[in-house]
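Working notes, structure below.
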Amino acid sequence: MPNPNRGSCGFKSTEFEQEYERPSKSELKRQMTALQKLGEELIAEPRDRVKRVPMPEDVRDAILECQLIKDHEGRRRQTQYVGKKMRTLEEHELVAIQKMLDSWKGASKSETAALHAIERKRDKLLTDDKALTVLLEENPQLDAQQLRTLIRNARKEQAESKPPKAYREIFQILKSLQAPAAQDNNEEDDVEEE
């Protein structure tokens with residue numbers, strides 16, 4: 001005969017289960033680690049960007065001071081201090097900081113994509129003569145003779161394995177064509193926001 005006090009046929013109740021009103025130690029540690037990582041992300045950003053982040057002065061000062069420290073152990077301790085300061089922030093302040101970091105990441109991805117597009121356009125100019133005709137039709141302000149010379153020199157540089165001076169100049173010209181378009185888009189966005 002099976003023992004009724006053993007196995008699944010025995011006593012079932014939540015009477016002895018403990019219920020906690022606070023987060024577990026593991027959960028608290030995960031939260032502290034996440035805030036530490038957020039602080040480290042801010043430390044990795046350039047100083048002018050950190051100054052624009054909406055946060056209390058004491059936290060900003062701790063981050064800016066950490067960026068100046070070169071000694072490994074000193075920087076580690078200051079990073080820990082930044083994490084401690086991050087734990088004093090309110091939830092809405094943390095959300096604002098995270099939103100700003102995310103926007104920077106998105107902006108850098110879009111900037112990188114734009115630069116890759118310019119590189120593809122430059123490579124197309126070097127391989128296809130019709131691409132130059134199309135570019136000159138779209139941008140009549142460009143000096144056609146200068147562009148032809150640069151393209152010819154860039155091809156020569158590649159063939160002779162010389163430093164890519166003309167290749168880079170073509171990139172800068174194409175980049176300058178993209179800059180006014182980006183400024184126009186930013187101005188349109190500003191008008192819509194008002």
For R155, the side chain to side chain donor-acceptor pair (under 3.5 Å) test, sequence neighbours excluded, returns D129

Would I63 and M55 count as a side-chain contact (heavy atoms from CB on, under 4.5 Å) if you check the C-alpha gap in whole Å, the side-chain angles of each, and the deciding distance to 0.1 Å? CA-CA 11 Å; I63 291 169; M55 68 175 95; 3.9 Å; yes

Between I118 and L177, is the side-chain contact (heavy atoms from CB on, under 4.5 Å) condition met? List the steps. CA-CA 10 Å; I118 293 171; L177 292 175; over 6 Å; no

[Y] side chain reached by [X] side chain, heavy atoms, under 4.5 Å:
X: N153; Y: E169; answer: no
X: L38; Y: L101; answer: yes
X: L136; Y: R148; answer: yes

What are the two closest heavy atoms between [X] and [Y], and how far apart are they?
X: C66; Y: I43; result: SG-CD1, 3.6 Å
X: L150; Y: A166; result: O-CB, 3.5 Å
X: V50; Y: W104; result: N-CH2, 4.4 Å
X: V82; Y: G39; result: CG1-CA, 3.9 Å

To the nearest 0.5 Å, tell me how far [X] [atom1] sits from [Y] [atom2].
X: Y167; Y: R122; atom1: OH; atom2: CZ; result: 3.5 Å
X: R168; Y: I173; atom1: CZ; atom2: CD1; result: 14.5 Å
X: M100; Y: E45; atom1: CE; atom2: CD; result: 11.0 Å
X: L135; Y: L125; atom1: CG; atom2: CG; result: 5.5 Å
X: R47; Y: R52; atom1: CZ; atom2: CZ; result: 14.0 Å
X: K37; Y: L42; atom1: NZ; atom2: CG; result: 14.0 Å

side-chain contact (heavy atoms from CB on, under 4.5 Å) between R120 and K124, intermediate numbers included: CA-CA 6 Å; R120 284 191 300 274; K124 190 171 184 180; over 6 Å; no

Any salt bridge between E57 and R60, counting N to O under 4.0 Å? yes

Apply the test side-chain contact (heavy atoms from CB on, under 4.5 Å) to residues L174 and F171: give CA-CA distance (whole Å), side-chain angles for both, the deciding distance (0.1 Å), then the verdict. CA-CA 5 Å; L174 294 174; F171 181 83; 5.9 Å; no

[X] side chain vs [Y] backbone, donor-acceptor pair below 3.5 Å:
X: E41; Y: Q98; result: no
X: Q78; Y: E65; result: no
X: N139; Y: Q141; result: no

Tell me which donor-acceptor pairs under 3.5 Å the side chains of residues 24-34 have, and how far apart each pair is, sequence neighbours excluded?
{"unit_1": "S24", "atom_1": "OG", "unit_2": "E27", "atom_2": "N", "d": "3.2"}
{"unit_1": "E27", "atom_1": "OE1", "unit_2": "R30", "atom_2": "NE", "d": "3.3"}
{"unit_1": "E27", "atom_1": "OE1", "unit_2": "R30", "atom_2": "NH2", "d": "3.0"}
{"unit_1": "E27", "atom_1": "OE2", "unit_2": "Q31", "atom_2": "NE2", "d": "3.3"}
{"unit_1": "T33", "atom_1": "OG1", "unit_2": "K29", "atom_2": "O", "d": "2.8"}

Check: residues 84-96 side-chain donor-acceptor pairs under 3.5 Å, at least two apart:
{"unit_1": "K85", "atom_1": "NZ", "unit_2": "D58", "atom_2": "OD2", "d": "3.0"}
{"unit_1": "T88", "atom_1": "OG1", "unit_2": "K85", "atom_2": "O", "d": "2.5"}
{"unit_1": "E93", "atom_1": "OE1", "unit_2": "E90", "atom_2": "N", "d": "2.8"}

If hydrophobic clusters are built by linking Ile, Leu, Val, Met, Phe, Trp and Tyr wherever their side-chain heavy atoms come under 4.5 Å apart, do L64 and V53 end up in the same one? yes

When hydrophobic residues are tied together by side-chain contacts of less than 4.5 Å, even through go-betweens, does Y81 share a cluster with I97? no

